[in-house]
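Here the structure is a predicted model, which means the values were calculated and not measured. For the numbers below, each heavy atom of this structure counts, side chains included, while hydrogens, waters and symmetry mates do not.
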Amino acid sequence: TNVVNAILTFYEHLVDRGAMSHIVRALGKEEQVALQQRLGWNNLLDVKRPDGIHYYLHLINQTERSVANKLNKIAIKIHEPRTCWENLLCQIHEVWRPLYVKEDNNMWSTIIVSSHSLLGDKGLICFDFTGTKAPIDREKVVTIQKHWHRYVTRKWYVRTISIVRRFQIAWRLKKSVQRLQEEEERKLQIDSAEDFW
């Protein structure tokens, strides 16, 4: 989508890449998954603030498996009465089904066993991590939106100015050609009038 492309454009210019999770958190689930697939988890995971993000992980992939393991450890440390891995789904024979796992020290082994026995070759799971309750800092999201708006506006403005200048040049050329034609017609009229007298 355009939003994901804009984030990818500005990603290489970000100074504080550790705050990328704030930007991801402001996106919808589909955009989060698209960004996860394009940038990879090494660039997106913030273990200090992993909540509010929709995780779509292939447990066969070592990096994504380590992400799931880190989130498991964080969920165990939080000790919340509610679950941190909300809406945990696994893909079994191309159908997404809920996976019910108790968040304790055996959680990771349960997920791994389930992924091998139930999930088959793909090992796909998805869930919303809702562990910490810190407020979302939207300042970085707003900053990126401002820069993107300036970029698009500047691009539009430059394009518009170039079109206006081309139009002005064409208009001036047309007027100068008309003036030259009128002057030649006047000279012809004057010459024909002189010849008449």
Side-chain angles (χ1 to χ4, degrees), residues 1-8 11 14 16-145:
T1 64
N2 292 336
V3 176
V4 174
N5 291 333
I7 292 170
L8 291 172
Y11 179 76
L14 283 178
D16 183 14
R17 290 188 179 177
M20 191 65 183
S21 64
H22 297 296
I23 297 166
V24 175
R25 205 171 286 114
L27 302 173
K29 288 183 180 182
E30 292 175 3
E31 293 168 335
Q32 287 181 4
V33 171
L35 194 63
Q36 292 165 12
Q37 291 172 346
R38 301 274 296 273
L39 282 178
W41 280 110
N42 291 333
N43 298 316
L44 291 178
L45 183 64
D46 181 8
V47 291
K48 294 178 185 173
R49 186 78 197 282
D51 62 316
I53 297 175
H54 180 74
Y55 292 88
Y56 181 87
L57 302 170
H58 292 79
L59 295 181
I60 294 169
N61 183 323
Q62 189 61 38
T63 305
E64 296 185 16
R65 188 178 182 140
S66 68
V67 167
N69 191 7
K70 288 175 186 174
L71 293 173
N72 171 53
K73 291 176 182 176
I74 292 169
I76 292 170
K77 286 181 186 175
I78 289 176
H79 298 300
E80 292 255 348
R82 61 187 172 85
T83 181
C84 293
W85 291 45
E86 288 186 357
N87 306 320
L88 177 60
L89 301 173
C90 61
Q91 191 176 35
I92 304 171
H93 304 297
E94 305 296 327
V95 177
W96 288 100
R97 301 198 177 156
L99 184 64
Y100 301 103
V101 180
K102 185 177 179 185
E103 291 180 5
D104 58 7
N105 292 330
N106 298 326
M107 179 180 174
W108 182 242
S109 59
T110 306
I111 289 174
I112 293 300
V113 168
S114 298
S115 70
H116 287 301
S117 62
L118 297 176
L119 306 184
D121 295 334
K122 292 185 179 180
L124 289 172
I125 62 169
C126 71
F127 57 93
D128 300 315
F129 193 86
T130 58
T132 57
K133 294 181 180 177
I136 295 173
D137 179 21
R138 299 200 184 271
E139 182 179 330
K140 298 196 184 339
V141 175
V142 171
T143 303
I144 285 184
Q145 288 173 345

OH on Y11 to CD1 on I23, rounded to 0.5 Å: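 If we round to the nearest 0.5 Å, I23:CD1 and Y11:OH are 9.5 Å apart.
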
Residues in side-chain contact (heavy atoms from CB on, under 4.5 Å) contact with V47, at least two apart in sequence or another chain: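 V47 satisfies side-chain contact (heavy atoms from CB on, under 4.5 Å) with L45, K70, I74 only.
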
For V67, the option from L57, L59, L44 that meets side chain to side chain contact (heavy atoms under 4.5 Å, CB included): L57

Side chain to side chain contact (heavy atoms under 4.5 Å, CB included) between N72 and W85, worked out: CA-CA 9 Å; N72 171 53; W85 291 45; 4.1 Å; yes

Flag, side chain of E31 to backbone of G28, donor-acceptor distance under 3.5 Å: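 Yes, the answer is positive, given that a donor and an acceptor are paired below the 3.5 Å cut-off.
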
K73: side-chain contact (heavy atoms from CB on, under 4.5 Å) partners, not counting sequence neighbours: N69

Distance (rounded to the nearest 0.5 Å) between R25 CZ and D51 CG: 5.0 Å

For Q32, all residues meeting side-chain hydrogen bond (donor to acceptor under 3.5 Å, both in side chains), sequence neighbours excluded: none

Residues forming a side-chain contact (heavy atoms from CB on, under 4.5 Å) with L89, sequence neighbours excluded: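 L89: side-chain contact (heavy atoms from CB on, under 4.5 Å) contacts with W96, P98, C126.
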
Sequence-distant partners of K29, side-chain hydrogen bond (donor to acceptor under 3.5 Å, both in side chains), two or more places apart: D128

Q36 and I53, any side-chain heavy atoms less than 4.5 Å apart: yes

Criterion side chain to side chain contact (heavy atoms under 4.5 Å, CB included) on Y55 and E64, from CA distance to verdict: CA-CA 10 Å; Y55 292 88; E64 296 185 16; over 6 Å; no

Which residues share a side-chain contact (heavy atoms from CB on, under 4.5 Å) with T63, sequence neighbours left out: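 W41, N42, N61.
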
Minimum side-chain heavy-atom gap L39-L8 below 4.5 Å: yes

Interatomic distance, F127 atom CZ to L71 atom CG [nearest 0.5 angstrom]: 5.0 Å

